[in-house]
Amino acid sequence: GVSIACIVGYRWAGMTWFDAVCHGFSTMGLGGFSTHDASFGYFDSPAIEFVAIVFMFIAGMNFGTLFLAVSGRSLRPYLHDPEAGWFVGICFISIFFVAIYIWKDGMYADLDTAVRHTAFNLMSIATTTGFASVDFAQWPIFAPLWMLFLSCVTASSGSTGGGIKMIRMLILAKQANRELTRLIHPSVVNPVKVGGSAIPNNVVIAVLGFIFLYFMSVVMLTFVMILSGLDFMTSLGAVVASINNAGPGLNKVGPATN
């Protein structure tokens, strides 16, 4: 149902039916496939980009929560979803600061244009979709690097996104806080809780193991790419984009390169 709404939205915004169907499936799957080499830069349409942002936003969150919200005709399930608040907060705060940052740096003459391109491309990379409307690799290096980092952690469990997933990062953060508390109060009973529910220790250990393997894979494969003769930014961007299924990376594997 959401896929059909996305397709109709694209058609209403100005795409042909063929482009609307292809991009609709690609958006809801957060796959990033486009029927044009220039991706969304081909259309250069704020309306089409807005439709994409809305549905990438939906697809980046838990579909279980969406089902509960639709079936119950209420947004209350999102208030109880521990990932939803962090997902929304991180995305909107990142868009705000990155837009101001690249605008102040002189990338765009006016703030409205900076917000438009930041909102679309940051949401695309953060949710591991991989669409692009401009060559964001030309932005000041902080912006594309931050977007690549978001692709590691932003997408929710139960979504079509890649990366570590937000729930694992929440567990990692709470486990780190528990260990710091234990340094001060060795006898404290302080279970890891997410959304009001205690997380079993075996699950916490499994999450820590997964994240360790994830980052060690990124580090080792980046060194392998550097050994092959590529520069550091290309190597890191290629590895992170590949492991997260995010699509474009940086430099030689950026959104405007082949």
Side-chain angles (χ1 to χ4, degrees), residues 1-71 73 75 78 84 87-88 91-92 94-95 98-99 108 112-137 139 144 147-148 150-151 154-163 241-242 244-249 253-258:
V2 181
S3 295
I4 292 172
C6 182
I7 292 168
V8 173
Y10 278 138
R11 182 68 183 93
W12 167 82
M15 282 188 180
T16 64
W17 277 114
F18 176 75
D19 282 341
V21 170
C22 291
H23 286 88
F25 291 145
S26 187
T27 300
M28 292 313 300
L30 299 182
F33 170 82
S34 177
T35 53
H36 303 280
D37 286 344
S39 191
F40 272 65
Y42 172 86
F43 304 103
D44 192 22
S45 167
I48 290 175
E49 292 167 15
F50 176 75
V51 172
I53 290 170
V54 169
F55 286 96
M56 285 190 293
F57 191 82
I58 293 172
M61 289 195 284
N62 196 316
F63 274 94
T65 306
L66 176 62
F67 173 78
L68 293 175
V70 172
S71 61
R73 295 178 176 81
L75 294 177
Y78 282 102
F87 177 88
V88 173
C91 287
F92 277 88
S94 295
I95 290 170
V98 171
Y108 299 102
D112 290 345
T113 304
V115 170
R116 170 193 165 186
H117 291 309
T118 299
F120 178 81
N121 290 280
L122 187 142
M123 280 299 298
S124 174
I125 301 302
T127 57
T128 71
T129 309
F131 291 135
S133 61
V134 294
D135 185 8
F136 56 77
W139 294 354
M147 288 160 60
L148 272 184
L150 292 180
S151 74
T154 305
S156 300
S157 60
S159 73
T160 55
S242 298
N244 293 338
N245 290 335
V253 292
T257 52
N258 189 310

- Task: Verify, without hydrogens or angle tests, whether Thr154 (side chain) and Leu150 (backbone) share a donor-acceptor contact under 3.5 angstrom.
- Result: yes
- Query: When rounded to the nearest 0.5 angstrom, what is the spacing between NE2 in His36 and SG in Cys22?
  - Reply: 9.0 Å
- Do you see a donor-acceptor pair shorter than 3.5 Å between the side chains of Tyr10 and Trp17? no
- Between Ser45 and Ala13, which heavy-atom pair has the shortest distance, and what is it? OG-O, 4.2 Å
- Worked verdict on Met147 versus Asn121 for side-chain contact (heavy atoms from CB on, under 4.5 Å): CA-CA 8 Å; Met147 288 160 60; Asn121 290 280; 4.0 Å; yes
- Are Thr35 and Tyr42 close enough, and set up right, to give a side-chain contact (heavy atoms from CB on, under 4.5 Å), and what steps lead you there? CA-CA 10 Å; Thr35 53; Tyr42 172 86; over 6 Å; no
- Query: Does CZ belonging to Phe50 count more than 12 external heavy atoms closer than 6.0 Å?
  - Reply: no
- Message: Treating Thr118 as the side-chain partner and Val115 as the backbone partner, does any N or O pair qualify as donor plus acceptor under 3.5 Å?
- Response: no
- Do the side chain of Thr257 and the main chain of Gly254 share a donor and acceptor less than 3.5 angstrom apart? yes
- Message: With a 6.0 Å cut-off on the ring centroids, do Phe57 and Phe87 count as close?
- Response: yes
- Task: Under the side chain to side chain donor-acceptor pair (under 3.5 Å) rule, collect the residues that match up with Thr113, sequence neighbours excluded.
- Result: Asp110
- Can you tell if the side chain of Phe25 reaches within under 4.5 Å of the side chain of Ile7, non-hydrogen atoms only? yes
- Phe40 ring center within less than 6.0 Å of His23 ring center: yes
- Item | Nearest-0.5 Å distance that lies between atom OG1 in Thr160 and atom CE in Met56 | 11.0 Å
- Query: Is a side-chain donor or acceptor of Ser159 paired with a backbone partner of Ala155 at a separation under 3.5 angstrom?
  - Reply: no
- Task: Indicate yes or no: at least one non-hydrogen side-chain atom of Trp139 is less than 4.5 angstrom from one of His117.
- Result: yes
- Main-chain N/O of Met61 paired with Ser156 side-chain donor or acceptor, under 3.5 Å: no
- OG1 of Thr16 to CG of Asp19, rounded to nearest 0.5 Å, is 3.5 Å
- Task: Give the minimum heavy-atom separation between Gly162 and Thr128, together with the two atoms involved.
- Result: N-OG1, 2.9 Å
- Message: If I take atom CG from residue Leu30 and atom OG1 from residue Thr127, how far apart are they, to the nearest 0.5 angstrom?
- Response: 5.0 Å
- Query: Backbone N or O of Ala246 within a donor-acceptor pair of the Asn244 side chain at under 3.5 Å?
  - Reply: no
- Note on the structure: Closest non-hydrogen contact found for Tyr78 with Ala69 is CE1-CB, 3.6 Å
- Message: As an exercise, state the distance from OG of Ser94 to CD1 of Ile125, rounded to the nearest 0.5 Å.
- Response: 13.0 Å
- Shortest non-hydrogen contact from Ala59 to Thr27? CB-O, 4.0 Å
- Item | Contact summary for Ala114 and Ala99, nearest pair of heavy atoms | CB-O, 3.6 Å
- Item | Nearest heavy atoms of Cys6 and Gly24, plus distance in Å | SG-CA, 3.8 Å
- Not counting sequence neighbours, list each pair that qualifies as a side-chain hydrogen bond (donor to acceptor under 3.5 Å, both in side chains) and has a residue in residues 54-71. Thr65-Asp81
- Note on the structure: Value for CD1 (Ile53) from CD1 (Ile95), rounded to nearest 0.5 Å, stands at 6.5 Å
- Between Ser26 and Gly32, is there a donor-acceptor pair closer than 3.5 Å when you use the side chain of the first and the backbone of the second? yes
